[in-house]
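Here's the structure we're looking at; comments come further down.
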Amino acid sequence: MSLTESAPDAPSGAVPAGTAPDAAAPDSTTLDGAGLDTRLGARRIGVPALVCMIIAASAPLTVVAGGVPSNFAVTGLTGIPLSFLVLGAVLLLFSIGYAAMSRHVHNAGAFFAYIAKGLGKPVGVGASLVALVAYNTMQIGIAGLFGFALSSFLASVFGLSLPWWLCALAAWLIVGILGVNRVDFSAKMLGIIVAAEFLVVIVYDALALRTSPEGISGDGFAFDQLFVPGVGAALAFSIAAFMGFESGAIYNEEVKDPRRTAGRATLIAVSVIAVFYAFSAWALVVGEGTSNVIGRAQEFGPDLMFVFLAENSPVWFVDLANILFITSLLAALLAFHHIVARYFFALGRERVLPHVLAGTSPRTGAPVVGSLTQSALALIVIAVFAVAGIGSEDPLFPVVTLFTWFTNTGAFGLVLLMALTSLAVLGYLRRHRAEYSVWTRLIAPGIAAVGLITLFGLIAWNFQVLIGLDQATVLTWLLPCTVLIPGLIGTLWALWLRERRPATYAGIGAGGELG
C-alpha cells in the first residue's frame with residue numbers, strides 16, 4: 001500500500017494510524033528510494049475470499065480423491081479419518097497464537113516475519129529461505145500431477161495424446177497470467193472452484209453412505225485403528241492435506257482488516273478442512289466397507305474414488321468429477337504461486353534478496369517481479385523433468401517423481417516452519433501479557449509447538465515411505481537437505497548483514513507493519 005503525505009515515515013505497506021481498516025489504498029504511485037513501485041494491491045480481500053484462497057491451496061478434491069486412498073494404501077490403517085481430527089486439533093492450537101500475532105505483524109513474508117520477531121532475525125532469514133524452497137517445491141510438484149491428470153483425461157475422453165509436460169505448461173501459462181493480475185480476481189475464481197470441489201465430494205460422501213456394504217459404523221475414528229505401528233506415516237501423509245492453511249497471514253497487507261481478517265480466516269479454514277476431510281475419509285471407509293477399504297485402496301490407489309463413482313453414478317458425473325479434479329489442481333497451483341510471489345516481494349522489499357523482487361504493478365498491485373520469478377523457476381524444473389522423462393515408458397513418471405518428491409519435500413519444510421513459528425509466537429506474545437490470556441500466549445502455542453516438533457520428527461523418520469521408496473537411497477537425505485541447507489545459508493547471510501549492512505539488518509521483518 002502506498003504512503004500518504006500525512007505519514008511520511010510509515011513503512012511501505014502501512015495504513016496510517018486512524019485509517020479505517022478497509023480503506024482503499026491511494027491511487028497515486030508510490031516509489032521507494034530506488035525508484036521502484038513497492039505497493040501491493042488495495043485492501044480488497046475479506047474473510048470469505050481469504051478462506052477460499054486458503055482452502056484452495058489444500059485442494060479438497062485432490063486430497064479426498066488422491067491423498068486419502070494413498071494414505072490407506074501405504075499405511076494399512078483404517079484410522080485415517082481420526083488422523084485429520086488429531087492434526088486439526090494441533091493446528092487449531094497453532095492458529096490461536098498465530099492469529100493473535102497476526103494482529104501485530106502485517107508482512108507478506110508471514111512465517112519469515114513472525115520467526116524474525118519471535119526468535120531473532122538470523123533465524124528469521126534462515127526460515128525465509130526454507131519457506132521459499134518449501135512453497136516452490138509444493139507449487140512445482142503439483143504441476144507434475146496436473147500434467148498427468150489432464151493428459152490422461154484428454155486421452156480417455158477425446159482420444160488426444162498429449163505429453164504430460166505440455167499439459168503442465170498450459171497450467172503454467174494460466175497461473176502465470178493470473179499471478180500478475182489483481183489478487184481479488186484470483187480469489188473469486190478460486191471461490192467458484194472450491195465450491196464446485198466441495199459439491200462433488202459431498203455427492204460422493206452421500207453415495208458412499210447410501211451404499212455402505214457393511215453398514216454405517218464408527219470405524220475410522222477408533223483410537224486403536226490409528227495409534228498403532230504406522231501412526232507416524234499416517235500423520236505425515238495427512239498433514240500434507242493441510243498445507244497452505246497458514247497462508248492467510250501472507251495476505252495481511254491486502255486484506256480489508258489486517259488486524260482480524262487473517263486470524264479469523266485461518267481458524268475457519270483449519271476447522272473446515274479438518275472436519276470435512278475427516279468426514280469424507282470416514283465416508284470412504286463406510287462406502288468400501290471396513291474389511292475392504294485397505295485392499296481396494298491398494299488396488300486402485302488415487303483412482304479409488306473415481307472407480308466408486310463409475311460403479312454408482314452416471315458417466316457424465318464421473319467426467320465432471322475428473323474435470324473438477326483437474327481444476328482443483330489448477331486452483332492449488334495458483335494459490336501456492338501467489339504465496340511464493342509474496343515471499344519474494346517481502347524479501348526483496350527488505351533487501352534480504354535483490355531489491356528488484358519488490359517490484360509491483362501500479363495497475364494491479366500484484367508483486368509482478370516475484371510472480372515472474374516463480375514462473376521462471378517452475379518453467380525450468382518442468383523442462384528438466386520433461387527431458388529426464390524422455391524414453392520412460394511409465395505414464396506415472398511425473399507423479400512418482402516430480403509430484404511425490406517435490407510436494408513431500410515441501411511438506412517437510414512447512415512443518416518445520418510451523419514448529420518454529422509456534423516457538424516464535426511464545427517469544428513474541430510474552431511481550432504482550434496485558435493483551436492476551438495465558439491460554440492464548442502460552443498454553444495453546446506451547447502445546448502446538450510440542451505437537452508440531454513431534455510431527456516434524458515423524459515426517460523425517462518416515463520420509464523414505466512418503467516418497468515411495470522401499471529402502472533408503474540418496475533421495476532420502478538429499479531432498480530434506482534441499483530445504484535445510486538454504487535455511488543454514490540464510491542464517492549465515494543474516495549474520496553477515498548484521499556486521500556489514502546494519503541498516504538492512506535493522507529493517508528485517510519490519511516491512512508492511514501497521515505499527
Side-chain angles (χ1 to χ4, degrees), residues 11 13-15 17 21 43 45 47 50-51 53-54 89-128 130-131 135 242 244-271 339 342-343 346-347 350 414-453 507-515:
V15 173
R43 298 192 179 278
I45 305 175
V47 172
L50 189 54
V51 169
M53 295 180 76
I54 294 172
V90 172
L91 296 180
L92 273 175
L93 292 173
F94 169 85
S95 299
I96 290 171
Y98 191 62
M101 195 167 173
S102 73
R103 295 174 63 88
H104 303 273
V105 182
H106 309 89
N107 191 309
F111 278 158
F112 148 63
Y114 284 47
I115 294 171
K117 288 182 174 295
L119 298 180
K121 293 174 182 177
V123 181
V125 175
S128 73
V130 170
Y135 281 120
F242 290 88
F245 87 92
E246 75 296 334
S247 62
I250 292 171
Y251 299 96
N252 232 350
E253 297 181 50
E254 300 165 88
V255 296
K256 292 180 178 179
D257 184 350
R259 298 192 184 279
R260 297 178 179 84
T261 299
R264 290 175 179 173
T266 301
L267 290 168
I268 293 171
V270 171
S271 302
I339 293 170
R342 280 153 182 78
Y343 259 96
L347 294 173
E350 297 181 9
L414 291 179
V415 173
L416 172 61
L417 288 171
M418 285 189 281
L420 290 174
T421 302
S422 287
L423 296 175
V425 168
L426 288 169
Y428 183 84
L429 292 185
R430 68 182 179 182
R431 303 195 290 268
H432 295 267
R433 300 190 181 195
E435 289 185 61
Y436 302 104
S437 65
V438 175
W439 167 256
T440 298
R441 60 183 169 81
L442 182 62
I443 298 176
I447 296 174
V450 172
L452 289 166
I453 291 170
I508 290 175
E513 284 191 24
L514 301 189

Between Tyr428 and Tyr114, is a side chain to side chain contact (heavy atoms under 4.5 Å, CB included) present by the stated rule, with each step listed? CA-CA 8 Å; Tyr428 183 84; Tyr114 284 47; over 6 Å; no
Measure up the Phe111 and Tyr135 rings against each other and bin them: parallel (under 30°), tilted (30 to 60°), perpendicular (over 60°). parallel
Between the NZ atom in Lys121 and the OG atom in Ser128, the distance rounded to the nearest 0.5 Å is 13.5 Å
Here the gap from Ile447 atom CD1 to Ser422 atom OG, rounded to the nearest 0.5 Å, amounts to 11.0 Å
Validation row: Tyr251, Thr261 side chains within 4.5 angstrom (heavy atoms): no
I want to check something: taking the side chain as every heavy atom from C-beta on, are Leu91 and Met418 in contact at a cut-off of under 4.5 Å?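 Yes, side chains in contact.
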Non-hydrogen atoms of [X] and [Y] that approach each other most closely:
| X | Y | answer |
| --- | --- | --- |
| Ala419 | Ile453 | CB-CG1, 3.9 Å |
| Lys117 | Arg431 | O-NH2, 3.2 Å |
| Leu92 | Ser271 | CD2-OG, 3.5 Å |
| Thr440 | Pro445 | O-CD, 3.2 Å |
| Ile96 | Leu267 | N-CD2, 4.2 Å |
| Ala262 | Leu50 | CA-CD2, 3.8 Å |

For Tyr436 and Leu429, indicate whether the former's side chain and the latter's backbone hold a donor-acceptor pair under 3.5 Å.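 Side chain of Tyr436 to backbone of Leu429, a donor-acceptor pair under 3.5 Å: no, none is there.
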Taking Arg433 for the side chain and Arg430 for the main chain, is one N or O donor matched with an acceptor at less than 3.5 Å? yes
Check ring pair (Phe, Tyr, Trp, His ring centres under 6.0 Å) between Phe242 and all other residues, then give those that pass, not counting sequence neighbours.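 For Phe242 there are no ring pair (Phe, Tyr, Trp, His ring centres under 6.0 Å) partners, ignoring immediate neighbours.
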Assess whether side chain to side chain contact (heavy atoms under 4.5 Å, CB included) is satisfied between Ile54 and Ile268, documenting all intermediate values. CA-CA 10 Å; Ile54 294 172; Ile268 293 171; over 6 Å; no
Show your reasoning for whether side chain to side chain contact (heavy atoms under 4.5 Å, CB included) applies to Trp439 and Leu93. CA-CA 10 Å; Trp439 167 256; Leu93 292 173; 3.6 Å; yes
